[in-house]
Amino acid sequence: MAGLLLGPLINLWIYSICFLPSPVSPWQQRPTEWSSLSAICKLPIVGWLFRSADKEPLGRFFWLRPFLIELATPTLWVLLYRTVMSGYCIPIAIQPASAQQWAMHVQFVKYSILIILLTVATFIDFDELTIPDLITVPGALIGLLGSALIPSWPLWEPETVGTSILLHQESVSIHAGSPREWIKEWGQTGGWSSGLTIAILIWLAWCCAFGNLRWISRRGFSKGVQYAIVSFLRSFNLPLILLMSAVGSVLIIASYIWLPPGQWRALLSSLIGIGLGGALVWGIRLMARIVVGREALGFGDVTLMAMVGAFFGWQFVWIAVFLGPCLGVPLIVIRLVLTGNEETPFGPYLSIATVYLMLDWVRLWVYFSEIWYLIPVTQAYIVLLGLIGVLGSMLWVVHSVKLALSGGTNGR
């Protein structure tokens, strides 16, 4: 039943929170000159088959994609529920058994929320080549709140398969230092710690990233800094940025003081996931500007993976960002060859990689954790630079194909 309701909800969000809303969903407000919809047109799935009157203003096949979304959603959500409840996403024998059931349901809700947000972002990105902040900002906040308030929110180390542990045993959940031990200096030391400093700095950086921060270095570095500061102070949303920065910092300090150690560790790991997840995609943006000569990734891709980092941590994001181009570049090149269309969104392929990783995370974590173990989180910038270099090379390949197909011009 929930799956039948989720499909219409996904379609409503796709067509209402995008940059150019279109009254496709039967639950949106329709133009006054359009005829009203009957009750049967508002039914899930079958209602789309009775929308023939809207073909003229919306297009002949406007109904096909939302129809398929609503048709597939119930089945996919049942499969997701069975996958999670089978213990696949909780690879440990939690004691007591009732706690294990609770943890599985928490993971199912967590997976469902993120997949819904990724689905909406994917189709909006296909339609408009943009990902709205109305998806990624609330999503990141949900990830932070879940990490801080729900003990069974984080994933667990796959090495605990077949062992019997307590639900709240801290040593088994994946954290910012995994697969190594948790860095004790980041914990609640009784005074101001380096972990609290990291948490507040990441929060402030994330908030400020939504401002109008422009960098122009034509007149030198110092002028570039001055221009960046002035452009940021003129941001239309500056009051909201300052409010979020202040409120979030106060809540982080309160969490540091009053949360149990395990929950503070989960919250800090979630914030580091936002910071390092967003930093990787931002670095790829800069690399793309150097290689391609223009932006190949949008800011929505940065906030999308920062949201994923809030749910699962920085290690998860970096694996997904590595898998995204592996899945996306071949499809992008094929589409370019067949259609000649250069405008291809990258967010959908990051979303596909994220979902794939969610469903196969145990096997992939065992493989990639060997790499993370060689390089501690305090030296994560080494992996960061390496990934940016590899992904920049992939972008160069795509750009070279475009130049070859366009006869050596810039493709415009």
Side-chain angles (χ1 to χ4, degrees), residues 6 10 13-14 69 72-73 76-77 79-80 83-84 88-89 107-126 130-133 135-144 146-147 153-155 158 174 178 269-270 272-285 297-332 344-369 372 383 387 391 394:
L6 282 176
I10 290 172
W13 285 347
I14 289 173
I69 290 175
T73 298
L76 294 177
W77 249 254
L79 292 176
L80 178 65
T83 300
V84 175
Y88 183 83
C89 301
Q107 290 298 316
F108 171 70
V109 172
K110 174 183 175 180
Y111 272 43
S112 298
I113 292 173
L114 185 56
I115 289 176
I116 289 172
L117 294 172
L118 292 174
T119 301
V120 176
T122 291
F123 286 108
I124 292 179
D125 204 7
F126 272 129
T130 184
I131 299 176
D133 293 339
I135 298 173
T136 56
V137 173
L141 294 178
I142 291 172
L144 291 174
S147 300
W153 185 268
L155 295 173
I174 292 179
S178 295
S269 298
S270 182
I272 293 176
I274 289 178
L276 291 181
L280 174 59
V281 184
W282 203 312
I284 297 172
R285 267 186 98 201
L297 282 81
F299 183 68
D301 298 318
V302 178
T303 58
L304 182 74
M305 298 316 291
M307 175 184 72
V308 175
F311 273 78
F312 291 111
W314 68 273
Q315 303 96 326
F316 197 101
V317 173
W318 286 22
I319 299 173
V321 171
F322 175 77
L323 294 176
C326 297
L327 297 173
V329 168
L331 298 176
I332 292 172
T344 302
F346 195 60
Y349 305 107
L350 293 174
S351 298
I352 293 172
T354 298
V355 173
Y356 167 67
L357 183 55
M358 289 165 63
L359 299 177
D360 196 23
W361 80 271
V362 174
R363 184 177 66 87
L364 291 173
W365 171 255
V366 171
Y367 175 77
F368 280 96
S369 63
W372 302 147
V383 183
L387 280 174
L391 298 174
M394 291 183 177

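For the single chain, residues carry numbers from 1 onward in sequence order.
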Query - CG-CG distance between Leu350 and Leu357, expressed to the nearest 0.5 angstrom - result: 12.0 Å
Query raised in the report: When rounded to the nearest 0.5 angstrom, what distance separates OG1 in Thr122 from CD1 in Ile131?
Result: 7.5 Å
**Report entry** Closest non-hydrogen atom pair, Gly139 against Leu117
**Finding:** CA-CD1, 3.6 Å
**Report entry** Pairwise distance OG(Ser269) to CZ(Phe312) - rounded to 0.5 angstrom
**Finding:** 14.0 Å
Query raised in the report: Which of these, Leu118, Asp125, Val281, sits in a side chain to side chain contact (heavy atoms under 4.5 Å, CB included) with Leu304?
Result: Leu118
Requested in this report: Would you mind reporting whether Ser270 and Leu144 have side-chain heavy atoms less than 4.5 Å apart?
Outcome: yes
Query - Positive for ring-ring contact (aromatic ring centres under 6.0 Å, His included) with Phe311, one of Phe316, Tyr111, Trp153 - result: Trp153
Query raised in the report: Going from CD1 on Ile113 to CE on Met307, what distance comes out if it is rounded to the nearest 0.5 angstrom?
Result: 11.0 Å
Report summary line: Of all heavy-atom pairs linking Gly324 and Phe346, the shortest is C-CZ, 4.4 Å
**Report entry** Candidate pair Ile135 and Ile124, rule side chain to side chain contact (heavy atoms under 4.5 Å, CB included), full reasoning
**Finding:** CA-CA 10 Å; Ile135 298 173; Ile124 292 179; 3.9 Å; yes
Report task. Dump the intermediate steps for side chain to side chain contact (heavy atoms under 4.5 Å, CB included) on Ile142 and Lys110, then the final yes or no. Result -> CA-CA 9 Å; Ile142 291 172; Lys110 174 183 175 180; over 6 Å; no
Query - Closest non-hydrogen atom pair, Ser147 against Ala310 - result: OG-O, 3.7 Å
Query - OG1-CD1 distance between Thr303 and Ile274, expressed to the nearest 0.5 angstrom - result: 11.0 Å
Report task. Kindly compute the distance separating OG (Ser351) from CE (Met305), expressed to the nearest 0.5 Å. Result -> 7.5 Å
Query raised in the report: In terms of heavy-atom contacts, does CH2 of Trp77 have more than 12 from other residues, nucleotides or ligands at under 6.0 Å?
Result: yes
Requested in this report: Over all heavy atoms of both residues, which pair between Val308 and Val317 is shortest? Give the atoms and the distance, please.
Outcome: C-CG2, 3.8 Å
**Report entry** Which residues share a ring pair (Phe, Tyr, Trp, His ring centres under 6.0 Å) with Trp282, sequence neighbours left out
**Finding:** Phe299
**Report entry** Ile319 vs Trp361, side chain to side chain contact (heavy atoms under 4.5 Å, CB included): CA-CA, chis, key distance, verdict
**Finding:** CA-CA 10 Å; Ile319 299 173; Trp361 80 271; over 6 Å; no
Requested in this report: Taking the side chain as every heavy atom from C-beta outward, state whether Ile116 and Trp13 have any pair of such atoms under 4.5 Å apart.
Outcome: yes
Report summary line: Those residues at least two apart in sequence (or on a different chain) that pass ring pair (Phe, Tyr, Trp, His ring centres under 6.0 Å) with Phe108 are Tyr81
